[in-house]
Amino acid sequence: MTQQEIVRAVKQELGKSISQSYLSQIERGTRRHMTQSSRTLLARFFKVHPGFLVDDPEGYHTELVSDLRTTEGKLDVWLLQGSERFAGDREVSNVLIKCARHKDTRSCFLLLGAILDTPGLAERLLEALDPDAVRNHRSRKAAEGRRTQ
């Protein structure tokens, strides 16, 4: 595909835009680092993990990866796509990105599950770690309640 064909296809398939000049910079190597949103957009378009669109880090080995790493990659893609879907809620979007960037995404979910299995722990932790988030959440809930009445 030409760069122009990619630009048109991305717009048609995903409803998002990326410029031909940006693609040209990537191809020529004059843009060494893509933005997170551009990498995610291109990964979705080409149906690959976003990590495939960056250079391998020094010391990277190509031997087979475990099933656990495959799970990690799927979780990371799912979380990054979710962060785009929840772009209107910056707090949720940012948390999804943080989980995807964590070196052990699976453990993040296992920890969350353990916290949620313990009655009242999630609320106590949030109150202790981020009291402003609790106040903001309660204010939003109260406003939603007033709107439904």
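Atom set for the values below is all heavy atoms of this structure, side chains included, hydrogens, waters and symmetry mates excluded.
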Arg44: salt bridge (charged side-chain N to carboxylate O under 4.0 Å, His left out) partners, not counting sequence neighbours: Glu84
Between Tyr22 and Thr35, the two heavy atoms sitting closest are OH-N, 3.1 Å
Could you note down all residue pairs passing side-chain hydrogen bond (donor to acceptor under 3.5 Å, both in side chains) where residues 111-126 supplies at least one of them, sequence neighbours left out? none
Exercise: identify the closest heavy-atom pair between Ser24 and Gln3: CA-NE2, 3.4 Å
Could I get the full list of side-chain contact (heavy atoms from CB on, under 4.5 Å) partners for Glu127, not counting sequence neighbours? Pro131, Val134, Arg138
Check: Glu27 and Leu23 side chains under 4.5 Å, non-hydrogen atoms: no
List for me each residue that meets side-chain contact (heavy atoms from CB on, under 4.5 Å) alongside Ile115, sequence neighbours excluded, and say none if there are none. Leu111, Leu121, Ala122, Leu125
Indicate yes or no: at least one non-hydrogen side-chain atom of Phe109 is less than 4.5 angstrom from one of Leu79. yes
NE2 of His49 to OG1 of Thr40: how many Å apart, nearest 0.5 Å? 9.5 Å
Below 3.5 Å, can you tabulate the donor-acceptor pairs from side chains in residues 90-100 to any protein atom, sequence neighbours excluded?
residue : atom : partner : partner atom : Å
Arg90   : NH2  : Asn94   : OD1          : 3.3
Glu91   : OE1  : Arg140  : NH2          : 3.4
Ser93   : OG   : Ser83   : O            : 2.8
Asn94   : ND2  : Arg90   : O            : 3.2

Heavy-atom closest contact (Leu42 atom, Met34 atom, distance): CD1-SD, 3.8 Å
Decide whether Phe46 and Val77 are clustered together by the hydrophobic rule: side chain heavy atoms of Ile, Leu, Val, Met, Phe, Trp, Tyr closer than 4.5 Å, transitively. no
Side chains of Gln20 and Gln4: any donor to acceptor distance under 3.5 Å? no
Closest heavy-atom pair and its distance - Met1, Glu5: CA-OE1, 3.2 Å
Flag if over 12 foreign heavy atoms under 6.0 Å of CZ, Phe86: no
Rounded to the nearest 0.5 Å, what's the gap from CD1 on Ile26 to OG on Ser38? Could you check? 6.5 Å
Which pairs with one or both residues in residues 8-19 pass side-chain hydrogen bond (donor to acceptor under 3.5 Å, both in side chains), sequence neighbours excluded? Ser19-Ser21
Same hydrophobic cluster for Val7 and Phe45, using side-chain heavy-atom links shorter than 4.5 Å among ILVMFWY? yes
